[in-house]
Amino acid sequence: MKKPFAFLLLAASLSVAACRVPPPAPYGACPSPDQVAWQQMEMNLFCHFGPNTFTGAEWGDGTEPEDVFNPTELDCRQWMAVARAAGFKGVIITAKHHDGFCLWPSPESSHTVAQSRWRNGQGDVLRELSDACAADGLKFGVYISPWDRHDPRYGSPAYNAAFVRTLESVLGGAYGPVFEQWFDGACGEGPSGRRQVYDWPLFNETVFRLQPQAVIFSDVGPGCRWVGNERGEAGRTNWSTLEVGGFEPGAGSPPTNVLNAGTPGASHWAAAETDVSIRPGWFWRASETPQVKSVRELLKIYYESVGRNSLLLLNVPPDTRGRIDPVDSLRLLEFRAALDTVFATDLAAGARTAGPSRGRSFAAANVLSGRYDRYWALSDGETTGALTLAFPGERTFNRILLQEYIPLGQRISAFHIEARSSDGSWYEIARETTVGYKRIVLLPEPVTTTVLRLTIDASLACPTLSRLALYYDTLFSYSG
Ligand code: FUL
């Protein structure tokens, strides 16, 4: 009795194996697991904080007395409470801005919190923030400016070695894991009147040696790239791949329109990060509080960054007390409430799906599964194809959310979407280019239909799609 049973089992498993179609092979440059996890964070908080908070300058010149830095009620737990409630997953602090002042007692500098009267020189903002991050489950990241207008060594080879030791004192473990190292490409003159020739390979190696999982931001990566503007606008066409050969951060970076759109099929993965401030300036100023961005502006920024295959790094600078201003924190909570309202109900749920696929495990229905690692995929060599969603009744929506399965590379380069009218004819409601990790298509007018068709018109390799969701944003009207 035992033998035939074992045989049947073997035969059954062999036939299942024979039917199992392998996933598409990765295409071109693909993100590392750390880069995928980074992009899945979607929204992080940027905190510009330092002497400029107290002087009102955007760029301190490095001559500010250390005592200028004197937050009266520093409370990083408050920053994190606001960040968490608003849905941010990580925070990046200006540990050292261009004025050279260090928010931690760097042994490499005599221009730090240790020389200030703040907490009698015993304070350490990085300690408090990294502890608050750990307590509240947010990831901790640092901006450490290579441009230093205070350090007398700036403009000589000795400075690069000193900068490495500066990185070591932050990244060496004292503050735990760092998810992102932010390198500003700015390279102005230092106190000696000279500019520095930065040793980027050495700086990057130092970060990787101490924090191998960190995603390094600069104009050209290697981990992620600048989006090319500070207005909060990623390209409507936005590839996460970028041609980096011959380029470097700062003056040697590609033109901003290239940074904004990426380069299709390029050999390096560096997704766009959209850095933008909730206020006119990067640092807090009482006079700018009336100009804190509105919910409408923030939602537009969300659509044009996260909704265009980019991570949003929103700057919300702490005030002179060392707390997030109540106007900013209230605005963030209103922004969160707006996002929760818009994205509360996926109107595609429950639809019947149809379309070709490379096999059952890659069926069109996967776009409704809610799992990022289950995706629709076409057969190798097929770079065009359509899927339809038939709803149990009429659906009205004006936002169409799409997600490619980026661990296998970014592929889709052109698509269009149609709705079916009651007489059975199709009419086009959107025509776009890239998708990437997340693309939210904004329809200028709401559409009501019972059947929707997505057509992939061009793809660099057989397309993948993890998600297709529909929402109705009744708060504000936008298109684009
Ligand atoms: C720029 C800097 O010069 C600004 O002060 C700010 O820090 C911004 C995020 O990056 O390059």
Side-chain angles (χ1 to χ4, degrees), residues 43-64 68-69 79 88 90-103 111 125-126 129 141-151 154 163 166-167 170 179-190 195-196 198 200 203 215-221 223-234 247-256 259-260 270 272-285 288 291-293 301 305 310-319 328:
M43 295 204 306
N44 292 328
L45 201 67
F46 212 2
C47 289
H48 276 67
F49 191 46
N52 297 343
T53 311
F54 301 85
T55 62
E58 271 299 316
W59 283 359
D61 65 9
T63 60
E64 301 77 17
V68 156
F69 183 80
W79 310 4
F88 293 84
V91 59
I92 297 179
I93 176 136
T94 51
K96 174 167 92 96
H97 202 252
H98 308 325
D99 56 27
F101 184 80
C102 299
L103 298 186
H111 191 48
V125 181
L126 299 194
L129 183 58
V142 283
Y143 169 120
I144 305 178
S145 169
W147 183 23
D148 192 315
R149 304 177 85 184
H150 180 86
D151 194 315
Y154 188 88
F163 188 65
T166 303
L167 292 173
V170 176
F179 83 98
E180 181 171 340
Q181 164 66 47
W182 220 89
F183 279 137
D184 196 311
C187 179
E189 291 172 358
R195 284 171 200 265
Q196 182 70 28
Y198 298 139
W200 289 112
F203 300 167
V215 169
I216 301 180
F217 168 97
S218 86
D219 294 326
V220 291
C224 61
R225 73 173 196 269
W226 187 41
V227 76
N229 64 69
E230 293 174 342
R231 297 186 304 275
E233 292 170 22
F247 294 110
E248 59 170 43
S253 68
T256 51
L259 293 176
N260 198 238
E273 178 171 272
T274 302
D275 61 318
V276 56
S277 186
I278 197 167
R279 290 165 165 260
W282 289 104
F283 289 87
W284 181 88
R285 268 182 214 103
E288 291 183 350
Q291 295 172 73
V292 169
K293 288 188 172 60
I301 286 172
S305 55
S310 173
L311 183 139
L312 170 59
L313 180 62
L314 183 66
N315 181 62
V316 184
D319 62 17
D328 305 50

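For ligands, and for the atoms within them, numbers begin at 1 and follow the listed sequence.
With contacts defined as side-chain heavy-atom distances shorter than 4.5 Å, the pair Phe163/Gln196 does not qualify. Side-chain atoms of Leu314 and Phe88, non-hydrogen and from C-beta on, do get closer than 4.5 Å to each other. Counting heavy atoms from C-beta outward, His111 and Asp148 have side chains that stay 4.5 Å or more apart.
Results of the ring-ring contact (aromatic ring centres under 6.0 Å, His included) test with Phe183 over Trp200, Trp226, Phe217 single out Trp200 as the only residue that passes.
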Dump the pairs for me: ligand 1 N or O, protein N or O, distance under 3.5 Å, to 0.1 Å.
| unit_1 | atom_1 | unit_2 | atom_2 | d |
| --- | --- | --- | --- | --- |
| ligand 1 | 3 (O) | Trp59 | NE1 | 3.0 |
| ligand 1 | 3 (O) | His98 | NE2 | 2.8 |
| ligand 1 | 5 (O) | Trp59 | NE1 | 3.1 |
| ligand 1 | 5 (O) | His97 | NE2 | 2.9 |
| ligand 1 | 7 (O) | His48 | NE2 | 2.7 |
| ligand 1 | 7 (O) | His97 | NE2 | 2.9 |
| ligand 1 | 7 (O) | Tyr143 | OH | 3.1 |
| ligand 1 | 10 (O) | Asp184 | OD2 | 2.9 |
| ligand 1 | 11 (O) | Asp184 | OD1 | 3.0 |
| ligand 1 | 11 (O) | Asp184 | OD2 | 2.8 |

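With sequence neighbours left out, the side-chain contact (heavy atoms from CB on, under 4.5 Å) criterion links Asn260 to Val227, Asn229.
Ring geometry, Phe49 versus Phe69: the interplanar angle exceeds 60°, so the pair is classed perpendicular (tilted spans 30 to 60°).
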